[in-house]
Amino acid sequence: MSVLTDLIYGGSNAVAGLTEGAVNDAIAKYGADKEIAFPDTAYFFPTIYAATGVKVKTLGDLPACVGVLKSLITNQEDLGQALNAGLATAVGAEILEGLKYVEGGDPYANESGIGFVPDPIIRSLGVPLVTGDIPGVAVVLGKAENAADVVKVVKDYQSKGIMTFLVGDCIEQCAEGGVKMGLELRVIPLGHDVTSVIHVVTVAIRAALIFGNVQPGNLAGLLDYTKNRVPAFVNTFGAIDAVVVSAGAGAIALGFPVVVDIDLGENQVPGALESVCDHSETVKKSLELRNIKIKTTELPIPVAFAAAFEGEIIRKADMKVEFFSGKNPTAELVLMKDMSEVEDHKITIIGKDIDCGEKDFALATYVEVAGKKMQPDFESVIERKFHAWFNYMEGVMHTGQRNQVRIRVSNAAYDAGLRIRDFAEVLYVMIMNEFDAVVDKCQVTLITDAAEAAKFRDEVAMPRYNARDDRLASMTDESVDRFYTCILCQSFAPAHCCVVTPERLGLCGAVSWLDAKATNELNPNGPCQPIFKEGLLDERTGRYESVNKMVAEATHGAVENVTLYSILEDPMTSCGCFECICGIEPVSNGVIVVNREYKGMTPAGMTFGELASCTGGGVQTPGYMGHGRHFIASKKFASAEGGIQRIVWMPKELKDDVAERLNKTAQELYGIENFTDMVADETVTTDCEELLNWLTEKGHPVLGLEPLM
């Protein structure tokens with residue numbers, strides 16, 4: 001055999017033996033009936049489930065899986081067979097990692113890594129992956145001979161928005177080198193054992209199940225999806241042994257190229273396994289192998305600027321200054337002006353800069369734009385981007401919008417030289433880059449003087465906010481002549497297409513009708529295309545000939561019929577990154593609504609993950625539908641089945657979040673006061689019979705509605 005295949009088989013056989021022994025020991029200790037599961041997933045042992053369809057629930061299910069694992073190791077002198085042995089190593093790694101969870105609890109609680117990545121996190125990554133905010137996924141494994149090399153590579157990935165998973169001693173090397181880590185910063189330490197690499201493998205595999213509608217047991221479909229739709233790759237640092245090589249073979253089988261920093265000579269496999277000994281070329285080569293193109297934006301600011309910093313939390317102890325509406329006036333406003341009223345790239349600062357020694361500031365952010373194709377409806381679309389752009393600055397944390405804002409600047413960012421003018425530069429550059437199709441000129445005014453900021457807020461910003469709200473309140477599905485498609489998620493979910501209307505935003509919660517309209521104006525051939533309202537077939541369910549035609553075209557025939565207002569009759573499809581899912585609760589004749597952050601049980605007898613596994617990937621499942629949070633309070637929510645009167649249960653956090661809007665809708669449509677007081681949550685019950693009794697006590701309107709089924 002060649003040196004390469006010999007190493008692969010050596011590692012695979014070693015892992016197979018270790019796995020078989022560990023399984024036998026666990027059964028001897030706990031018994032074959034002992035339940036075993038990874039936390040917060042509906043996909044059992046995801047690698048085994050996706051590849052074979054086997055649902056591992058107890059230790060007694062594992063010996064057969066070990067048998068499958070061993071059957072993949074043929075020891076034949078053939079690279080394809082050797083890659084299958086690499087998949088066997090992945091299966092073994094999953095079993096070994098799964099056994100760590102046999103006693104419950106978090107086996108990584110005292111480790112520097114996080115271990116298994118739960119389903120809700122994968123779903124939350126869907127939008128940034130398809131929008132390109134996360135352009136790729138890197139797995140960095142091993143221990144660099146020179147710690148500075150791996151630190152530089154990981155920081156480079158972070159600056160480019162690449163989501164990076166760390167395995168091995170490189171975790172400590174990066175931490176000591178100043179790399180900021182955490183799920184929110186998109187540099188995630190998984191664990192020190194090489195087997196923990198399986199936790200990033202299962203992210204890719206569950207993406208196929210969640211977004212791609214790849215059916216469990218369809219190994220060929222799984223490998224095709226991971227190769228062509230998950231932009232992942234592997235970098236190894238330092239010496240590699242047979243187990244690492246075998247794990248790398250598993251990655252290659254999934255379509256993920258491996259770049260090593262030692263000279264493999266003739267054992268390289270072009271496009272799949274390559275040596276790059278010059279660490280200054282590691283990132284470039286890795287991105288080339290996955291055809292990942294990074295669009296970089298040059299900004300004249302003293303700190304890094306990348307989507308990877310969007311989740312950065314700045315604690316009070318690390319804070320240099322703060323702009324907070326709870327202490328000082330704040331506002332963020334974009335206004336369209338005539339061309340003659342805007343001086344391009346003019347930046348005005350009214351008030352003190354943050355180097356004056358004070359800690360708390362007012363901040364009114366006023367952006368005036370002009371353009372031949374600019375429309376007033378686009379003002380709020382640009383405005384909402386402030387949140388992301390400010391958060392992209394390393395050392396800046398932004399929350400809120402409009403006149404309710406909190407911005408913190410870290411000591412480190414201040415020491416690097418960040419000042420008020422840099423905020424204006426970010427806004428100017430990003431607006432002119434992202435909205436160049438409609439904005440020809442832009443000027444920015446930042447007001448830190450409290451009196452001037454209050455005057456601006458009260459006399460300019462608030463009247464404009466109110467005018468927009470009045471317009472939005474008047475916009476209904478009936479008041480417009482077109483809806484819009486949104487196929488942003490098709491890079492992951494090729495059979496899915498959202499239909500966005502004024503009263504139904506995209507299921508990810510990120511695309512409103514105005515957003516879709518603006519997207520179409522910015523890119524007429526892009527993901528949002530107009531659907532003119534033609535051929536109304538059924539007003540009750542919201543069925544249109546034009547909608548069916550556009551959806552069929554957008555999904556390449558995968559979906560032929562869709563309704564806008566029904567969860568039972570041809571409901572809208574989902575990609576998998578929905579904020580919430582609603583599903584029938586048959587005992588009460590109602591529906592429950594669950595958000596992905598909720599980890600508990602529901603009265604339907606399923607967790608969020610289990611409910612979500614019923615849909616996604618462009619599948620239509622009558623009675624189940626993914627949607628955004630704000631759609632819950634819409635007058636069009638399941639209106640074909642009785643609307644919001646069907647809602648009988650929600651997690652408390654979600655109910656509290658939507659209560660004001662939902663109660664307003666219930667009052668307007670049905671004259672019901674404080675409707676959410678009739679909606680149960682987990683503090684009341686998660687049992688269907690108890691739920692029915694509670695609803696009866698409350699006189700919930702669902703009890704008087706026609707049966708759903």
Side-chain angles (χ1 to χ4, degrees), residues 1-2 4-20 22-23 38 43-56 61-98 137 139 141 167 193-209 212 214-230 232-234 236 240-258 269 271-273:
M1 285 193 277
S2 72
L4 180 60
T5 55
D6 192 45
L7 280 170
I8 293 172
Y9 283 124
S12 300
N13 282 306
V15 171
L18 186 64
T19 304
E20 186 170 33
V23 168
F38 286 109
Y43 301 100
F44 311 97
F45 277 39
T47 307
I48 294 170
Y49 181 55
T52 68
V54 172
K55 300 176 180 179
V56 173
D61 296 325
L62 290 176
C65 299
V66 173
V68 172
L69 178 165
K70 293 168 71 175
S71 72
L72 291 170
I73 307 172
T74 63
N75 296 305
Q76 295 178 13
E77 175 58 30
D78 175 81
L79 185 58
Q81 292 290 322
L83 294 182
N84 283 340
L87 291 176
T89 299
V91 172
E94 180 167 76
I95 293 172
L96 290 169
E97 285 292 311
V137 178
V139 183
L141 184 152
V167 177
D193 294 342
V194 69
T195 52
S196 63
V197 76
I198 194 63
H199 298 311
V200 68
V201 171
T202 71
V203 170
I205 285 172
R206 280 176 287 161
L209 298 171
V214 173
Q215 296 303 303
N218 181 3
L219 180 58
L222 171 68
L223 297 180
D224 179 72
Y225 186 95
T226 55
K227 178 182 179 180
N228 294 309
R229 296 190 180 275
V230 182
F233 55 88
V234 179
T236 71
I240 53 177
D241 57 24
V243 173
V244 172
V245 173
S246 185
I252 293 169
L254 290 165
F256 309 151
V258 178
V269 180
L273 176 64

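Computed from a predicted model, the values in this text were never measured in an experiment.
To the nearest 0.5 angstrom, Q215 atom CD is 8.5 Å from L209 atom CG. Within the model, atoms CG of L18 and CG of N13 stand 12.5 Å from one another, a figure rounded to the nearest 0.5 Å. T195 OG1 to I95 CD1: the interatomic distance, rounded to the nearest 0.5 Å, is 12.0 Å.
Ring orientation note: the planes of Y49 and Y43 are tilted relative to one another, at an angle of 30° to 60°.
Residues passing the side chain to side chain contact (heavy atoms under 4.5 Å, CB included) test with K227: none are found, sequence neighbours excluded. Checked against side chain to side chain contact (heavy atoms under 4.5 Å, CB included), V194 has the following partners two or more places apart in sequence or in another chain: L141, V243, V244. Every residue two or more places apart in sequence or in another chain was checked for a side chain to side chain donor-acceptor pair (under 3.5 Å) with T19, and none qualifies. With sequence neighbours excluded, no residue forms a side chain to side chain donor-acceptor pair (under 3.5 Å) with D241.
Closest approach of A93 and V15 over heavy atoms only: N-CG1, 4.3 Å. Heavy atoms only, all atoms of each residue included: Y9 and Q76 are closest at OH-O, 2.8 Å. Here the closest heavy-atom approach between residue I8 and residue G86 is recorded as CG2-N, 4.3 Å. What you find for Y225 and V214 is that their closest heavy atoms are CB-CG2, 4.0 Å. Closest approach of V137 and V200 over heavy atoms only: CG1-CG2, 4.3 Å. Of all heavy-atom pairs spanning L223 and A253, the tightest one is CD2-O, 3.6 Å.
Without hydrogens or angle criteria, T226 side chain to L254 main chain gives a donor-acceptor distance under 3.5 Å. Within the 3.5 Å criterion, the main-chain N or O of S2 finds a donor-acceptor partner in the side chain of E77.
Each of L4, I252, L83, V258 was compared with V269 under the side chain to side chain contact (heavy atoms under 4.5 Å, CB included) criterion, and only L4 meets it. Of the residues L62, V54, T202, V91, the one that meets the side chain to side chain contact (heavy atoms under 4.5 Å, CB included) test with F45 is L62.
Residue pairs meeting the side chain to side chain donor-acceptor pair (under 3.5 Å) criterion with at least one partner in residues 82-95, sequence neighbours excluded, are S12-T89, T47-E94, T89-S246. Each salt bridge (charged side-chain N to carboxylate O under 4.0 Å, His left out) pair with one or both residues in residues 242-251, not counting sequence neighbours, would appear here, but there are none.
Residues V201 and F256 form no side-chain contact, since every pair of their non-hydrogen atoms from C-beta on lies 4.5 Å or further apart.
A donor atom on one side chain and an acceptor atom on the other are not found under 3.5 Å apart for E97 and S196.
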